[in-house]
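Naming: A, B, ... by sequence-line order, numbering from 1 per chain.
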There are 2 protein chains.
Amino acid sequence: VPAQVSLRDALDESQRSDSVAADVAIVWRPPAAFFREQPRLRLVFNLGAGVDALLALPTLPRHVPLLRLQDAGMAGALAEYVLAAVLHAYRGLDVYARQQAAGQWQPRTPPPRGQWPVGVLGLGALGGAIARALHAHGFAVRGFARSAHAIDGVDCRAGGARDVHGEFGRFLDGLQALVSVLPLTADNAGVLDAAAWTRVARGAHVINVGRGQHIVEADLLAALDAGQLGGATLDVFAVEPLPADHPFWRHPRVRLTPHVSALTPMQPAVEQIAARLAAWRRGEPLTGVVDFSRGY
Amino acid sequence: VPAQVSLRDALDESQRSDSVAADVAIVWRPPAAFFREQPRLRLVFNLGAGVDALLALPTLPRHVPLLRLQDAGMAGALAEYVLAAVLHAYRGLDVYARQQAAGQWQPRTPPPRGQWPVGVLGLGALGGAIARALHAHGFAVRGFARSAHAIDGVDCRAGGARDVHGEFGRFLDGLQALVSVLPLTADNAGVLDAAAWTRVARGAHVINVGRGQHIVEADLLAALDAGQLGGATLDVFAVEPLPADHPFWRHPRVRLTPHVSALTPMQPAVEQIAARLAAWRRGEPLTGVVDFSRGY
């Protein structure tokens, strides 16, 4: 992520060169020591939407507002990545790749898009953009989040994501594709497990652009091997970079990318932070503040 | 193509069961004998957009209006297929597939979409829909056709598709992706040859949903092997089904599908033909009539 890397480099540079006590920090995966060395912070910007790694730092000051990036070009990039993955599955391009390898010429007809349900798990700024993009392409879209949402044309449901016999299960029922864009919280690690896969359509496709920890990896591999899941497009992993000996690298039903679904474009990110910083200085209410008890 | 197959089956059935001299024929790849056995036809509908195979039949009556299907759901399906292929190339999913096979974790940043030119060759109902869909997704879109077209946001050029040192060459210059949706005519077979590949960006992606005969296959393979082209997504071939010993099957830079980019949905096709037939009976002007001299 060049934008992020160059900002991190700049940050590293500033840490090395001085010990100025700053009012505002703009951070991306800072070392734990950073917050000890900056005791006077009054505002912290995270250069991304996910703050799970930051919240795991014991040094993060809990009395200072933590702001996360809101969209800033990420939603478009993420929706595009997900659309590419959904179209790949819907048009059977994975099946045709296997047919090509086997020398088979065998046309298939996809069902009408409206009869091919796609579920979006997580309906914040990013999940909402994904759901709207899929709906605009004619798919039958369902959404699920902890709290209630309303998105035109999308069947939105709310509840706990462990309740596979309740609302979460009804959200999953018969999905042909499931997109997860959940933030990682203490509540939702491992929420996509064997029980979840029993509810989706046989041969469904899983697309994970949230966090790797939402998926129980052994259950995913078992569901792929059993044919209950037809394929997985994974951009995020519990450990990144994905360890060299991980079975995802070589699994024929797994397509993986190195955490590139929502690369943050530099310019929109800088503009958003500058605008929000100026608003803060004018004493206006802060937006996009992380709720520490909620975890995002 | 189930819709087409079932209609062809119905047609085969009717040919077998009677020898009624019909006024109107609705055909898809009829045998040459069909037109000899139907000397009283006053109107012929082709159940598809491409009429090249039909025009090659010496028995096709030249004094009877030949109508081809106009869109009827095909444009949406075709634009979706092309969008999936363009997004695949733009987001580097082919590169990531190779990295996955090699166990490499190496994020790449795509350039802004507006700096990633995509060319659409052929701007009829289908090419126009493709160009508009790509433009709506933010790509810099150029179009080329024999005659002048105007499409909002698309840089449309016109001329002869053999003139790589003229307007056609300027259309090709620096394209990152080239989509061909040309109808096959006597003039344009083999138009995508080595000379054309010298004009596009190094590593460009070719997507062919027109007819296989537009591509000089040996030149395409040479350009892929030399790295001048980065990949090809091919849905149509000079001979279909693609012969078992054809090098496309095994080429690592070729993704092929068995002529499924624009499957004709049954219901819209039937409705369109019924509406145009009713208009003809009312004596209204015919639309979508094939120009025999032009070839489409």
Side-chain angles (χ1 to χ4, degrees), chain A residues 1-5 73 76-77 79-81 83-93 95-97 99-110 112-113 133 136-138 233 235 237 240-246 248-251 254-261 263-267, chain B residues 1-5 73 76-77 79-81 83-93 95-97 99-110 112-113 133 136-138 233 235 237 240-246 248-251 254-261 263-267:
Chain A
V1 189
Q4 296 171 341
V5 169
E80 178 181 84
Y81 179 98
L83 182 65
V86 167
L87 291 179
H88 190 86
Y90 171 64
R91 295 296 292 250
L93 296 177
V95 178
Y96 290 130
Q99 290 187 6
Q100 178 176 351
Q104 291 171 340
W105 178 278
Q106 204 172 310
R108 309 160 75 242
T109 304
R113 291 180 205 88
H137 273 268
T233 299
D235 187 52
F237 306 90
E240 295 179 3
L242 189 67
D245 59 350
H246 199 286
F248 285 166
W249 284 111
R250 299 280 168 189
H251 198 286
V254 172
R255 291 203 306 158
L256 66 84
T257 50
H259 203 143
V260 293
S261 56
L263 292 177
T264 309
M266 181 69 165
Q267 196 58 32
Chain B
V1 191
Q4 297 171 341
V5 168
E80 179 180 84
Y81 178 99
L83 182 65
V86 168
L87 291 179
H88 190 86
Y90 170 65
R91 294 297 292 251
L93 296 176
V95 178
Y96 290 129
Q99 290 186 6
Q100 179 175 354
Q104 292 172 339
W105 178 278
Q106 204 172 311
R108 308 161 75 243
T109 304
R113 293 181 203 87
H137 274 268
T233 299
D235 187 51
F237 306 90
E240 295 180 5
L242 189 67
D245 59 351
H246 198 287
F248 285 165
W249 283 112
R250 299 280 167 190
H251 198 286
V254 172
R255 292 203 307 159
L256 67 84
T257 50
H259 203 144
V260 293
S261 56
L263 294 176
T264 309
M266 181 69 165
Q267 196 58 32

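Applying the ring pair (Phe, Tyr, Trp, His ring centres under 6.0 Å) criterion to His137(A), with sequence neighbours excluded, gives His137(B).
You'll find the side chain of Phe248(B) stays beyond 4.5 Å of the side chain of Gln100(A), heavy atoms only. The shortest distance between side-chain heavy atoms of Glu80(B) and Leu87(A) falls below 4.5 Å. Between Tyr96(A) and Arg255(B), the closest side-chain pair of non-hydrogen atoms is not below 4.5 Å. For the pair Thr109(A)/Val260(B), no side-chain contact is recorded, criterion being any heavy-atom separation below 4.5 Å from C-beta on.
Neither the backbone nor the side chain of Ala85(A) comes within contact range of chain B; no heavy atom of the residue lies under 4.5 Å from a heavy atom of that chain. With a threshold of 4.5 angstrom between heavy atoms, Ala101(B) approaches chain A through N, CA, C or O but not through any side-chain atom. For Ala244(A), no part sits under 4.5 Å from any heavy atom of chain B, backbone or side chain.
Judged by distance alone, the side chain of Arg91(A) and the main-chain N or O of Ser261(B) form a donor-acceptor pair under 3.5 Å. Formation of a donor-acceptor pair under 3.5 Å by the Gln99(A) side chain with backbone atoms of Leu256(B) is not found in this model.
Top candidate by heavy-atom pairs under 4.5 Å with chain A, chosen from Pro110(B), Gly103(B), Pro112(B), Gly138(B), is Gly103(B). Ranked by heavy-atom pairs under 4.5 Å with chain A, the first of Ala77(B), Gly76(B), Ala102(B), Gly92(B) is Ala77(B). Most heavy-atom pairs under 4.5 Å with chain B, from the set Val95(A), Val86(A), Leu242(A): that is Leu242(A).
Nearest heavy atom pair, residue Leu93(A) against residue Tyr81(B), reads CD2-CE1, 4.5 Å. Trp249(B) and Trp105(A) make their closest contact through CH2-N, 3.8 Å (heavy atoms, listed as atom of the first residue, atom of the second, distance).
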